[in-house]
Amino acid sequence: MKNVLKGLGGLAAALLVASPVFAQDTIKIGLILPYSGQFADTATQMDNAIKLYVKQHGDTVAGKKLEFVRKDTGGIAPEVAKRLAQELVVRDKVDILAGFVLTPNAMAAGDVSTEAKKFMVVMNAATAIVTTKSPYMARTSVTIPQLNETFGAWAYKSGIKTAYTMVSDYGPGHDAEGAFQRGFKEAGGQIIGSVRYPVANPDFSAFVQRAKDSNAQGIFVFVPGGVQPAALAKALAERGIDAKKTKIMGQGELTDAGALKSMGDSGLGIITVFHYDPNHKSKLNETFVKAYVGDYKRTPDLFSIGGYDGMHLIYEALKKTGGKADGDSLIAAAKGMKWESPRGPISIDPETRDIVQTVYIRRVEKVGGELQNVEFDKVENVKDPVKARMK
Amino acid sequence: MLVSLFGVVFDGFAYGMLLFVLSVGLSVTLGMMNFVNLAHCSFAMLGGYVAVSLMNSLGWPFFATLPVAFVAAAVVSVALERTLYRRLYRASDLDQCLLTIGIVFVSIAAAAYVFGTIQQPVQLPGYLRGSVELLGIRFAVYRLFLVGAGLGIALVLVTSVELTRFGARVRASVDNQRMARGLGINVEATFAITFALGSGLAGLGGALAIEIVGLDPGFAFAYLIYVLIVVSVGGLGSIRGSLVAAILLGISDSAGKYYVPQLGAFLIYLVMVGLLMWRPAGLFGKR
Amino acid sequence: MQAASDATAARYLHFEEQVRWRWTETAFWVATLLPFLLFKSYLSLASQVAITGLFALSLDLILGYAGIVSLGHAAFFGLGAYAAGLIAKHGWGEPLSGLVIAAAFAGVVGYAASFIISRFRHLTLIMITLGLGLLLYEAANSASWLTGGADGLQGMRMWPLLGYFKFDLYGVTAYSYSLAVLFLVFLAARRLIHSPFGLSLRGIRENPVRMPAIGAPSRARIRKIYTISAVIAGAAGALLAQTTSTVSLEVLGFQRSADVLVILILGGAGRLYGGILGAIIYMVARDQFSGVNPQYWYFWIGLLLIAVVMLLPNGILGGLARWTSRWTPSKRRAAP
């Protein structure tokens with residue numbers, strides 16, 4: 001037994017000694033992502049975009065060389081995320097913490113960012129209160145209320161007077177339900193029923209049948225990405241929900257590229273709200289998508305754009321501070337920054353350090369034989385409503 | 001109202017059929033040799049990936065991939081059985097758990113490496129898509145197919161176990177291993193064949209499952225819980241048990257979610273715990 | 001007559017020997033102080049290893065010694081974590097009293113559950129523990145007004161330990177705290193295992209039907225050890241909540257129950273140190289593998305598990321015991 005411990009001690013010591021000695025003119029960025037486990041695909045997409053940005057813009061900013069340290073949380077594991085953030089700060093001496101697909105992980109790491117005064121860029125976690133956790137945190141993705149409150153108001157204005165909501169029974173689902181219902185009711189609409197299904201739910205038909213029974217003019221759904229969007233869309237079609245009589249509305253994950261491929265024609269007519277689509281018509285986006293597909297043989301998604309814009313924020317903030325990488329300088333530089341992203345015009349709100357962007361309303365249509373989300377309406381300069389009310 | 005209930009119950013029945021195909025192999029092998037094979041769903045995942053690769057890369061039609069999924073899973077299971085499992089027949093349950101969990105980890109990482117972490121889409125032939133209306137109730141065509149396939153498989157299994165010599169040997173080995181050996185039945189060979197068949201069925205189930213529940217590297221762990229529930233509720237070593245348990249769980253899950261959605265997630269676990277407390281050996285179990 | 005008392009004396013010697021504190025054990029506990037000197041930037045990891053070791057120890061008491069396989073033990077870990085978290089969130093951030101209250105809470109629930117647990121065995125018991133664990137997870141998810149749901153408990157503020165030592169970035173307080181609790185509980189568990197109660201548990205594990213006949217009522221003893229195990233698991237959960245100031249649903253999850261089971265089997269069940277050793281090896285290996293290869297570390301961990309099973313049956317300690325027994329003098333082995 002003692003031998004085992006000695007061996008372990010030797011291994012660990014060797015690893016410690018083997019860590020590279022870094023020069024003073026490197027800036028280290030710690031990436032905390034769920035590289036393995038259930039959410040591995042999101043990390044793959046985000047990491048791809050980060051690598052693409054570095055490839056396109058070089059790994060030197062303001063005279064300093066960028067170095068990345070990647071850490072895996074394995075999924076939702078806030079104590080692991082916090083420990084990894086601590087280790088990145090104490091052991092690897094990173095200057096910036098970035099990544100964060102999952103809200104609980106981002107919240108836990110926020111404590112480390114506050115205590116160590118490190119600039120932190122959240123590139124996906126979408127719960128509204130995340131950015132309140134640390135004064136050095138900025139977000140480049142989206143918040144759920146930003147999308148769904150806008151959507152609720154839009155739905156009423158577009159002629160839908162009654163709605164039924166169906167969401168996954170966990171944090172983001174509850175947020176989406178609350179936001180949509182609030183936006184819809186405040187605009188004048190009536191919510192005639194709602195249901196929550198379990199997160200790991202494989203079979204939606206019972207819930208879809210309840211929605212159908214309610215005879216609402218619109219059904220709002222929320223599912224996390226992965227297997228479920230296609231399964232839900234198919235269930236909606238199988239239970240015979242007529243897209244002409246009942247509008248099916250959802251958050252963008254419902255109709256992402258993979259889901260559309262799996263659900264086929266049962267997806268036609270679904271209306272979604274989102275902040276990014278790879279088919280968005282802009283020169284910048286077309287170049288971005290082409291480069292991304294060229295390198296990774298996959299279309300970018302919301303995780304990719306969050307990562308890409310997050311890197312842009314880091315680069316521009318560093319350029320603005322002239323290479324100074326302490327938390328106070330970088331967050332001051334980040335506040336109020338505006339730029340044109342492949343998704344459209346975005347900026348970082350100076351008060352909440354959260355993202356302000358255009359929210360698009362899209363419909364699934366067949367374009368050139370292929371199913372796509374076609375943007376047909378939009379709301380510009382949307383700030384996160386939850387934090388706006390908190391003031 | 002009754003019409004929509006029937007539709008929901010049918011969907012639950014179809015889902016139960018899928019669970020049956022995935023679980024029956026584990027039930028029989030667990031009952032026969034008491035070998036805890038937690039990697040059972042890795043074979044299912046393998047079958048799914050084989051089917052998807054054939055369809056997407058080589059353009060094979062859906063039906064042609066099903067037997068290949070079966071055979072591929074069976075072959076791999078034989079290889080693993082010869083090299084690793086064989087040595088642990090006499091080992092403790094815990095060691096068997098550890099080995100098979102190790103295999104699950106390796107299979108998940110391998111699947112992520114080879115196929116990526118993305119959801120695998122499946123191309124169904126046109127006549128299997130969409131839904132039909134019979135007697136005023138909408139039925140999804142694919143689920144009708146699943147029910148048919150599941151019942152067909154159940155029929156084949158039950159008749160072969162009841163009516164063939166091999167089936168008799170399987171039944172004897174499950175009932176009393178020592179006695180069966182004493183009567184000259186080669187229990188090891190019987191087990192090896194049963195294990196291959198059971199894993200092959202899991203592979204087939206995996207290929208059938210893609211359309212309903214999707215496929216990604218996490219499949220091997222995600223469905224393990226449901227399979228274990230079916231096996232324990234049905235009773236070890238019983239094909240009838242697996243069938244009844246899978247149908248029961250599928251329908252109660254579906255109908256329950258329709259009537260009392262607040263209990264949605266709890267239902268399947270409540271049903272399982274309740275049934276096990278009432279019948280600890282499972283519905284049709286012997287021990 | 002002489003032969004009989006010789007046999008009895010030999011038997012006492014056998015038990016006495018087991019209770020005696022071996023030099024390897026002392027060395028082990030001294031080695032646990034090494035991270036303070038050699039691995040100062042790994043103290044957070046060391047703290048979490050100690051906590052997992054404590055959790056695995058609690059599982060060993062019921063699995064290794066009483067033969068109860070549980071796939072839902074994270075329920076008590078999570079109950080302890082949430083109890084400690086809620087106490088801290090609502091104003092009482094004192095660590096030690098929070099720890100005691102949280103562990104006691106987990107114990108009370110464990111006592112209630114033990115009435116169900118003691119009635120079943122084998123696969124039925126495994127599935128029932130799994131089902132109860134999953135039900136608790138879903139209940140915690142639904143009660144998001146209390147638990148914070150998937151986003152986790154927010155607003156925990158821990159006071160400094162013993163009024164002086166703050167829980168900070170560097171993890172010194174965290175590791176000292178976790179290690180101290182682990183050591184004290186370990187001492188108590190060791191005492192328990194070598195007591196007549198502990199011996200009767202081993203008897204129950206081997207043959208539950210026979211034990212009542214020789215004066216050890218199986219069910220009552222199982223209930224007792226299950227409750228004790230729940231208290232310790234709750235303490236581990238509380239430690240995690242307090243040292244990291246976060247609690248999220250994962251503390252109750254199936255993944256955690258499965259991980260601790262794998263860790264215990266890896267280290268070797270029924271040998272008291274198995275859980276701690278398994279925790280060290282599994283978590284350090286996982287940390288190192290995922291540092292090298294964040295996406296595919298699963299592969300290497302899987303290979304490690306397969307290798308351990310094939311080469312070292314009954315866990316690492318079991319395998320080591322088998323190897324070292326070849327080297328001990330035959331006099332010792334001939335004890336009846």
Side-chain angles (χ1 to χ4, degrees), chain B residues 30-31 34 36 38-39 80 83-84 87-88 90-113 116-117 217 221 224-225 228-229 231-233 235-236 262-277 279-282 285 287, chain C residues 63-64 67 69 71-72 116 119-139 141-142 254-255 258-259 261-270 278 286 289 293 295-310 312-315 318-319:
Chain B
L30 200 55
N34 249 314
V36 183
L38 296 177
L80 280 177
T83 50
L84 297 172
R87 282 168 227 215
L88 290 178
R90 305 253 176 280
S92 68
D93 285 351
L94 298 179
D95 277 340
Q96 292 170 354
C97 266
L98 202 64
L99 172 73
T100 50
I101 287 184
I103 293 176
V104 175
F105 281 4
V106 169
S107 70
I108 294 178
Y113 185 71
T117 46
F221 250 138
L224 187 59
I225 297 186
L228 285 175
I229 292 178
V231 164
S232 58
V233 169
L236 299 180
Q262 296 87 338
L263 277 189
F266 297 90
L267 256 168
I268 202 169
Y269 309 131
L270 278 175
V271 169
M272 169 186 75
V273 172
L275 279 174
L276 282 179
M277 282 171 64
R279 295 278 209 118
R287 282 167 233 163
Chain C
L63 189 142
V69 185
L71 261 184
I116 304 176
R119 284 182 199 286
F120 302 99
R121 293 183 67 76
H122 303 308
L123 183 64
T124 319
L125 179 61
I126 296 178
M127 295 310 290
I128 288 182
T129 53
L130 174 65
L132 291 176
L134 289 169
L135 281 171
L136 185 63
Y137 179 88
E138 292 298 334
N141 186 24
S142 298
F254 171 65
Q255 187 70 44
D259 275 351
L261 186 63
V262 167
I263 282 171
L264 182 62
I265 303 174
L266 183 68
R286 181 175 163 157
F289 288 153
N293 194 340
Q295 279 157 311
Y296 306 114
W297 60 267
Y298 256 86
F299 184 80
W300 303 107
I301 287 274
L303 281 185
L304 174 70
L305 294 180
I306 296 174
V308 166
V309 173
M310 301 309 286
L312 297 167
N314 289 325

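Residue numbering restarts at 1 for every chain, and letters A, B, ... go by the order of the sequence lines.
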Interchain contact, C:L63 with chain B, by part (heavy-atom threshold 4.5 Å): side chain
Could you give the distance from CD1 (C:I306) to CD1 (C:I301), rounded to the nearest 0.5 Å? 12.0 Å
Step by step, work out the side chain to side chain contact (heavy atoms under 4.5 Å, CB included) result for B:R279 and C:T124. CA-CA 9 Å; B:R279 295 278 209 118; C:T124 319; over 6 Å; no
Against chain B, work out which of C:L135, C:I116, C:N141 has the most heavy-atom pairs shorter than 4.5 Å and name it. C:L135
Can you tell which of B:V104, B:I229, B:I225 has the highest number of heavy-atom pairs within less than 4.5 Å of chain C? B:I225
Bottom line for B:I268: the part with an atom under 4.5 Å from chain C's heavy atoms is neither
At what distance, to the nearest 0.5 angstrom, does CG of B:L88 lie from CG of B:D93? 11.5 Å
When the ring planes of B:F105 and B:F221 are compared, do they come out parallel, tilted or perpendicular, using 30° and 60° as the limits? perpendicular
From the list B:Q96, B:Q262, B:R87, B:M277, the residue making the most non-hydrogen contacts under 4.5 Å with chain C is B:M277
Output all residues satisfying side-chain hydrogen bond (donor to acceptor under 3.5 Å, both in side chains) with C:T129, sequence neighbours left out; order by chain, then residue number. none
Hey, which of B:A109, B:A110, B:S107 has the most heavy atom pairs under 4.5 Å with chain C? B:A109
Name the one of C:Y296, C:W297, C:Y298, C:F299 that satisfies ring pair (Phe, Tyr, Trp, His ring centres under 6.0 Å) with B:Y113? C:Y296
I'd like to verify something: which residue of C:L305, C:L134, C:L123 has the highest number of heavy-atom pairs under 4.5 Å with chain B? C:L134
Under 4.5 Å from any heavy atom of chain C - which part of B:A112: both
What's the spacing between C:I265 CD1 and C:L261 CG if we round to 0.5 Å? 4.0 Å
Counting heavy-atom pairs under 4.5 Å with chain B, which one of C:L303, C:L130, C:V262, C:V309 comes out on top? C:V309
Max heavy-atom pairs within cutoff under 4.5 Å with chain B, candidates C:A139, C:A269, C:A258, goes to C:A139
Between B:D95, B:L228, B:V273, which residue shows the highest count of heavy-atom pairs closer than 4.5 Å to chain C? B:D95
Per-residue contact mode, C:Y137 against chain B (heavy atom under 4.5 angstrom): neither
Contacting moiety of C:M127, where chain B heavy atoms sit under 4.5 Å: both
Restricting to salt bridge (Lys or Arg N to Asp or Glu O under 4.0 Å), what partner residues turn up for C:D259, sequence neighbours left out? C:R286
So CZ of C:F120 and CG of B:L276: to nearest 0.5 Å the spacing works out to 8.0 Å
